[in-house]
Amino acid sequence: ARVDVMIGWAGDDPSLLTAHLFVDADFVGCPYTLKSSTGCHFDIQGPNSRAPIAGSCNGQTSAAQSSTEAELPSLNSGMKNPGDPAITLLTMILGKYHKDPIPENAMRLAGGCDAPFEYDTWASDIIISETGAWHVVVNIHEDNSSAMTGARTGEDPTMKNLERCFGVSIAWRNERMRSGDYNMVHT
């Protein structure tokens with residue numbers, strides 16, 4: 001509809017822009033089916049810039065047993081749908097404004113500062129750029145600390161049905177986090 005418009009503004013040099021992904025879920029949001037909803041908002045931010053890129057809200061396919069179990073499909077959806085394509089696109093667009101081969105933030109190097117591998121893509125087909133080259137890092141804003149821990153460690157022993165019921169791969173999400181393409185921020 002005409003009233004559903006995302007409006008943004010840009011007032012910064014492109015080298016100051018950062019990518020932000022906000023994900024959330026409402027646990028048992030539907031009173032009839034007891035299923036949760038997933039929400040994602042992706043935008044570009046700078047000191048004087050806010051430009052929304054994508055937003056979505058979808059119902060989950062299965063009923064979650066806890067708020068963390070509802071948050072993990074939301075996190076997975078945000079990383080997979082707006083997150084990964086935006087990394088590729090924004091790296092190509094903003095890369096020309098980052099000529100410095102050694103950026104101040106080590107997380108902006110392809111391969112990340114925490115990744116013990118050069119090209120470990122066993123769970124993903126995505127190779128953003130050459131190792132050591134600048135690329136966009138997406139800051140994921142999450143409010144559930146248990147979901148953040150599960151994404152960082154790759155372990156969720158109490159939620160064995162995530163892949164079967166929700167189609168969420170814990171290993172894929174952990175591999176994407178370790179690659180240095182994403183940075184978790186507790187909101």
Side-chain angles (χ1 to χ4, degrees), residues 1-26 29 36-58 70-115 124-145 147-152 172-187:
R2 279 184 113 174
V3 295
D4 297 329
V5 178
M6 295 190 290
I7 298 174
W9 65 92
D12 294 311
D13 186 78
S15 64
L16 299 175
L17 299 177
T18 55
H20 295 266
L21 174 64
F22 298 86
V23 294
D24 201 11
D26 68 335
S36 304
S37 295
T38 293
C40 300
H41 173 78
F42 187 85
D43 68 8
I44 301 297
Q45 297 181 11
N48 300 304
S49 301
R50 296 288 185 275
I53 304 295
S56 68
C57 180
N58 300 314
E71 289 282 343
L72 289 173
S74 175
L75 180 60
N76 193 71
S77 175
M79 290 172 73
K80 208 171 180 182
N81 297 330
D84 279 347
I87 291 171
T88 305
L89 181 66
L90 292 173
T91 297
M92 290 190 314
I93 293 172
L94 298 176
K96 63 183 175 183
Y97 300 102
H98 297 275
K99 296 293 185 192
D100 186 11
I102 304 172
E104 294 175 17
N105 182 358
M107 287 294 291
R108 292 193 174 231
L109 290 175
C113 63
D114 195 26
S124 173
D125 296 336
I126 298 168
I127 297 175
I128 302 305
S129 58
E130 297 294 320
T131 300
W134 181 89
H135 78 292
V136 169
V137 175
V138 176
N139 296 295
I140 301 176
H141 296 264
E142 174 62 67
D143 63 351
N144 189 306
S145 57
M148 291 174 68
T149 302
R152 283 189 182 125
W172 175 84
R173 193 174 48 247
N174 177 253
E175 187 267 332
R176 296 300 296 132
M177 291 298 299
R178 290 184 342 148
S179 71
D181 294 336
Y182 293 96
N183 178 41
M184 284 287 228
V185 178
H186 192 269
T187 304

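For reference, positions follow the sequence shown, starting with 1. Basis for what follows: all heavy atoms, side chains included, without hydrogens, waters or symmetry-related copies.
The two residues P82 and L21 make their nearest non-hydrogen contact at CG-CD1, 4.0 Å. The two residues H135 and G180 have their closest heavy-atom pair at NE2-O, 3.6 Å.
L75 places none of its side-chain heavy atoms less than 4.5 Å from the side chain of M177. Contact check for N81 versus F42: no side-chain heavy atoms found under the 4.5 Å cut-off. Using a 4.5 Å heavy-atom cutoff, the side chains of N139 and Q45 are not in contact. Between I140 and M148, the closest side-chain pair of non-hydrogen atoms is not below 4.5 Å. Looking only at side-chain heavy atoms (C-beta outward), L17 and S49 come within less than 4.5 Å of each other. By the 4.5 Å heavy-atom criterion applied to side chains, S77 and V23 are not counted as neighbours.
In summary, the side chains of H141 and T187 do present a donor paired with an acceptor at a separation below 3.5 Å, with no hydrogens or angles considered.
Distance alone, capped at 3.5 Å, is enough to place a donor-acceptor pair between the D12 side chain and the N48 backbone.
One distance of note links CZ of F22 with CG of D43; it measures 5.5 Å at 0.5 Å rounding. T38 OG1 to N76 CG: the interatomic distance, rounded to the nearest 0.5 Å, is 9.5 Å. In this structure, I93 CD1 and I44 CD1 are separated by 8.5 Å, a value rounded to the nearest 0.5 Å. Note that the CE atom of M79 and the SG atom of C40 stand 11.0 Å from one another [nearest 0.5 Å]. Taking CD1 of I87 as the start and OH of Y182 as the end, the distance is 4.0 Å to the nearest 0.5 Å. To the nearest 0.5 Å, atom CG of residue N174 and atom CZ of residue R176 are 11.5 Å apart.
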Check step by step if side-chain contact (heavy atoms from CB on, under 4.5 Å) holds for V136 and H98. CA-CA 10 Å; V136 169; H98 297 275; over 6 Å; no
Should D24 and E71 be marked as a side-chain contact (heavy atoms from CB on, under 4.5 Å) after you check the CA-CA gap, both sets of side-chain angles, and the distance that decides it? CA-CA 6 Å; D24 201 11; E71 289 282 343; 2.8 Å; yes
